[in-house]
Amino acid sequence: MKILVVGSGAREHAIARALTTDTTSHEVLVAPGNPGTARIAANVPVDPLDPRAVAALAVQHEVDLVVVGPEAPLVAGVADAVRAAGVPCFGPDAAAARLEGSKAFAKDVMASAEVPTAMAYVCTTLEEVAEALDAFGAPYVVKDDGLAAGKGVVVTEDREAALDHARACLSRAATPGGDRPAVVIEEFLDGPEVSVFCVCDGTDAVALAPAQDFKRLGDGDAGPNTGGMGAYSPLPWAPEGLVEEVMERVARPVVREMARRGTPFTGVLYVGLALTSRGLRVIEFNARFGDPETQVVLARLASSLAQLLHAAATGRLADVPPPRWREESAVTVVLASHGYPGVPRSGDLVEGVAAAEELPGVHVLQAGCATDTDGALVSAGGRVLSVVGVGADQEEARTRAYAGIEQITLAGSQHRTDIAQVRA
Ligand code: AMP
Ligand code: GLY
């Protein structure tokens, strides 16, 4: 197959890597890609937010499948345009991507489909926010309704900080569609978080291996929320039957509800869960693979990713065997630039990637990277690299990932030292 991957992060590097090491061989293009994807696939320039440009590229290169990585192109209608051009696309139409693009919409779908989630109020004024905060009490959970790259959520004991975040969200301009800015105030969910990616074909769904993401910047879950600072899979502590419960109580009902509404969901339904003392609750949906969880989930995939995604994109999931997994663990540690998640600094030299990749069980996926005029690798974004370690068990995978990190130098860089620490 000829496959076009849209995006330029470590997730897209991981997808391209899985496609190029697939059980059968494929030609892989990445648009626009990064210096890392250029080493394993062909990078083609495109504005990923321009639906017509992406569709034209897919037609021009006569690809058999387009896989859209990030959420912004999906919300912008890239999948609609690609499908309209007659090319199978793995990723939801804009109408279905609203499951991620609007938290209020996701809550509405979950209510219709009777999916367990946090109780919530959608507020458009500060007075409503104050009432909702007091109804739930501390800790307060305040979410920007729209896309915020994982940074729109504030969880705090401090009522003033909660109000400040709500004020900032509500003071944004109305969206081009005319929607008023809104915030979602939720009850606080305790318990560990799990990410389960459900591959959907519009009517059917199949789950990939669960992973856990570390969203806060600092060790011990201190500091601000980020896009994700590390991840591991599998989860040796996860309750038995977790994935089947997610399929039964979340994925299948949501896929049915989306089809019933006339906006069938094709792509990854990313189910972010809290395993609370009262049972599982959905924290969030995303409409795409998670980053950095994809880096560890795909590192363990033993069956064909291309076959799975193509079957989903063409509504034929039932025709392919369920995914198979290697009996190994994978851990990824994200190396972020100085200033992330605020204003990241660009242009710092990134050294040691090749040395890291010489270590056993280590590979390095690139994200916010560029090559300078001398051809040297430099930082060009917040999350710069995802260093992945694969090993016989979680401890070995973790040791390998951190051995990889040790090889890399980037001035002012930040990473967590407690990713996938085995629980006592
Ligand atoms: P979201 O963007 O909705 O995934 O939220 C980002 C992070 O905020 C989650 O991964 C959680 O760690 C935290 N969070 C979101 N909602 C809640 C909640 N209702 N209770 C506790 N923590 C939450
Ligand atoms: N790792 C969280 C996300 O992809 O949204």
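We count ligands from 1, going down the list as the structure has it; atoms in each ligand are counted the same way. Since we're looking at a predicted model, the values are computed, not measured. One is the number of the first residue; the rest follow in order along the sequence.
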Cation-pi between Arg398 and Tyr232: NZ/CZ under 6.0 Å from ring centre and within 45° of the ring axis? no
Whether Arg11 engages the ring of Phe289 as a cation-pi pair (distance to the six-membered ring centre under 6.0 angstrom, angle to the ring normal within 45°) should be assessed. no
Within the 4.0 Å heavy-atom shell around Lys215, which atoms of ligand 2 are there? 2 (C)
Honestly, for Tyr270 the part within reach of ligand 2 (heavy atoms, under 4.0 Å) is side chain
Of the side chain and backbone of Gln295, name the one, both, or neither that has a heavy atom under 4.0 Å from an atom of ligand 2. neither
Give a yes or no on whether a salt bridge exists between Asp201 and Arg316, defined as a side-chain N under 4.0 angstrom from a carboxylate O. no
Is the closest heavy-atom distance from Arg216 to ligand 1 below 4.0 Å? no
Any Lys103 heavy atom less than 4.0 Å from ligand 1: yes
Give every residue pair that meets the side-chain hydrogen bond (donor to acceptor under 3.5 Å, both in side chains) criterion with at least one member in residues 133-143, sequence neighbours excluded. Asp134-Arg159, Lys143-Glu186
Step by step, work out the salt bridge (Lys or Arg N to Asp or Glu O under 4.0 Å) result for Asp144 and Lys103. CA-CA 8 Å; Asp144 195 336; Lys103 292 188 186 288; over 6 Å; no
Using residues 406-414 as the side-chain source, report each donor-acceptor pair under 3.5 Å to any protein atom, sequence neighbours left out, with the distance given to one decimal.
residue : atom : partner : partner atom : Å
Ser413  : OG   : Leu410  : O            : 3.2
Gln414  : NE2  : Ser337  : O            : 2.9
Gln414  : NE2  : Tyr340  : O            : 2.9

If the contact criterion is a heavy-atom separation under 4.0 Å, does Pro292 count as touching ligand 2? yes
With heavy atoms only and a cut-off of under 4.0 Å, state how Asn225 meets ligand 1: side chain, backbone, both or neither. side chain
Which option, Val153, Leu189, Val155, Asp144, owns the non-hydrogen atom nearest atom 21 (C) of ligand 1? Leu189
